[in-house]
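Following: one structure in structure tokens, then a few remarks.
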Amino acid sequence: MTITPPAGTITIAGKTVSRLGFGTMRLTGPGIWGDPADRDTALTVLRQAVHTYGITHIDTADAYGPHTVEHLIHDALHPYPEHVLIATKVGLARPAPDTWVPHGHPVYLRACVEASLRRLGTDRLELCYLHRIDPQVPVADQIGTLQALKDEGKIGHIGLSKVTPQQIRTVTNDTTVAAVQNVLNMSRDRHDTALELCRDLSIPYVPYRPLDAGTLARQGHADAALNWLLHLGNHVSPIPSTSSPEHLRQLVTLVTGAR
């Protein structure tokens, strides 16, 4: 049975995937730390996202847990269907719950990619984002490390997360950027000048925290919030996150028919 992709499709990292993606940050314990309260439910959410609702863009990071969600994705979905894009991120260290520290040293980035490959059980990360640009390390060294790993076949495509238009321009001078992931929502984060730049450069724009960490959903505005994002341009692919099967069903229902 063919499942209609939620909100239509978009091409990211060479794959045609559902415009509604699924962010996996909430599949951990409090503070985005450790295991989820109910591991079986977390696995169910991942499987339903792909196999029940046709979401084919799954976004994660080695920092979620840390490492927790990459293990969950492997256990829920491996071997990965050819049409599913598993995107991960490297470059944020996690010294404690709710604590995130940019760490862009080339040795660290390479070690992170190698570890993500093992946890996800794959030979190549189809889309690997630099989770944050580390201000203490030259940008060229950070992107150069990911580019070297791409040249080695361990990364398929490179993305950027939480970046400014100037940073995007700097990186795209020497490297193909497959996607940009910045915070954007109709609550506290309504404006991002990178949105228009990505449109002009034909780079998919992946808004994270599209429901403002659940605030908009609790206020009953999830429908308006997701459709607001989808109508900002065909290059926009939001990645809402949830740990609840029922909430996942609601999110998919809200964007049914949106294009």
Side-chain angles (χ1 to χ4, degrees), residues 1-27 42-62 64 69-90 113 116-129 146 149-150 153-161 176-181 198 202-208 210 226 229-230 233-242 245 247-259:
M1 181 180 67
T2 301
I3 305 172
T4 301
T9 60
I10 184 173
T11 299
I12 301 177
K15 286 193 175 185
T16 299
V17 297
S18 57
R19 275 188 76 196
L20 183 73
F22 179 63
T24 61
M25 190 172 72
R26 299 296 166 188
L27 300 180
L43 295 173
T44 295
V45 167
L46 286 165
R47 290 171 180 141
Q48 287 184 346
V50 173
H51 300 306
T52 302
Y53 301 118
I55 295 175
T56 51
H57 174 197
I58 306 297
D59 181 86
T60 192
D62 68 346
Y64 298 166
V69 179
E70 288 183 335
H71 284 299
L72 289 170
I73 288 172
H74 174 274
D75 292 350
L77 300 174
H78 192 275
Y80 308 115
E82 180 61 31
H83 63 290
V84 172
L85 173 64
I86 308 293
T88 195
K89 300 181 282 292
V90 298
V113 168
S116 287
L117 287 168
R118 291 197 303 274
R119 285 188 293 269
L120 289 168
T122 185
D123 295 327
R124 184 171 81 160
L125 304 179
E126 293 296 336
L127 174 55
C128 182
Y129 291 88
L146 298 185
L149 287 158
K150 181 180 177 184
K154 295 180 178 180
I155 289 176
H157 298 81
I158 296 169
L160 300 175
S161 179
T176 299
V177 174
V180 166
Q181 188 173 131
C198 287
S202 298
I203 298 174
Y205 180 94
V206 180
Y208 72 87
L226 290 176
L229 287 168
L230 290 167
N234 292 332
H235 66 308
V236 178
S237 177
I239 48 170
S241 182
T242 181
H247 188 212
L248 175 63
R249 184 194 65 78
Q250 292 171 358
L251 293 174
V252 173
T253 300
L254 292 176
V255 300
T256 298
R259 294 291 188 273

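Side chains included, hydrogens not; waters and symmetry mates left out as well; all remaining heavy atoms used. Fair warning: this is a prediction, and the values are worked out from it, not measured in the lab.
In this structure the side chain of I55 never reaches within 4.5 angstrom of the side chain of V50, judged on heavy atoms. For the pair P240 and L226, the minimum side-chain heavy-atom distance is below 4.5 Å. Under the 4.5 Å side-chain criterion, counting only non-hydrogen atoms from C-beta, L146 is not in contact with K150. Between T176 and I158, the closest side-chain pair of non-hydrogen atoms is not below 4.5 Å. Here the side chains of C128 and V113 are in contact, with some heavy-atom distance below 4.5 Å. Considering only heavy atoms from C-beta on, S237 stays 4.5 Å or farther from L229 through its side chain. H57 places a side-chain heavy atom less than 4.5 Å from the side chain of V206.
Side-chain contact annotation: T24 with T60, donor-acceptor N/O pair under 3.5 Å present.
Within the 3.5 Å criterion, the main-chain N or O of L230 finds a donor-acceptor partner in the side chain of R19. Not a single donor-acceptor pair under 3.5 Å links the side chain of T56 to the backbone N or O of V17.
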What side-chain donor-acceptor pairs closer than 3.5 Å can you find for residues 78-86, not counting sequence neighbours?
| unit_1 | atom_1 | unit_2 | atom_2 | d |
| --- | --- | --- | --- | --- |
| H78 | NE2 | G121 | O | 2.8 |
| Y80 | OH | L120 | O | 2.5 |

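We find the CG-NE2 distance between L46 and H51 to be 9.5 Å, quoted to the nearest 0.5 Å. Here the straight-line distance linking atom CD1 of I12 with atom NE2 of H157 works out to 11.0 Å at 0.5 Å rounding. Rounding to the nearest 0.5 Å places CZ of F22 at 10.0 Å from CD of Q48. From L160, atom CG reaches atom CD1 of I203 across 7.5 Å, with rounding to the nearest 0.5 Å.
In this structure, the side chain to side chain contact (heavy atoms under 4.5 Å, CB included) partners of T11, at least two apart in sequence or on a different chain, are T16. Not counting sequence neighbours, the partners of R119 by the salt bridge (Lys or Arg N to Asp or Glu O under 4.0 Å) test are E70. With sequence neighbours excluded, the residues satisfying salt bridge (Lys or Arg N to Asp or Glu O under 4.0 Å) with D59 are K89. Applying the side chain to side chain contact (heavy atoms under 4.5 Å, CB included) rule to R124 yields the partners E126; only residues at least two apart in sequence or on another chain are considered.
Each salt bridge (charged side-chain N to carboxylate O under 4.0 Å, His left out) pair with one or both residues in residues 44-58, not counting sequence neighbours, would appear here, but there are none.
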Candidate pair L248 and Y53, rule side-chain contact (heavy atoms from CB on, under 4.5 Å), full reasoning:
CA-CA 9 Å; L248 175 63; Y53 301 118; 3.9 Å; yes
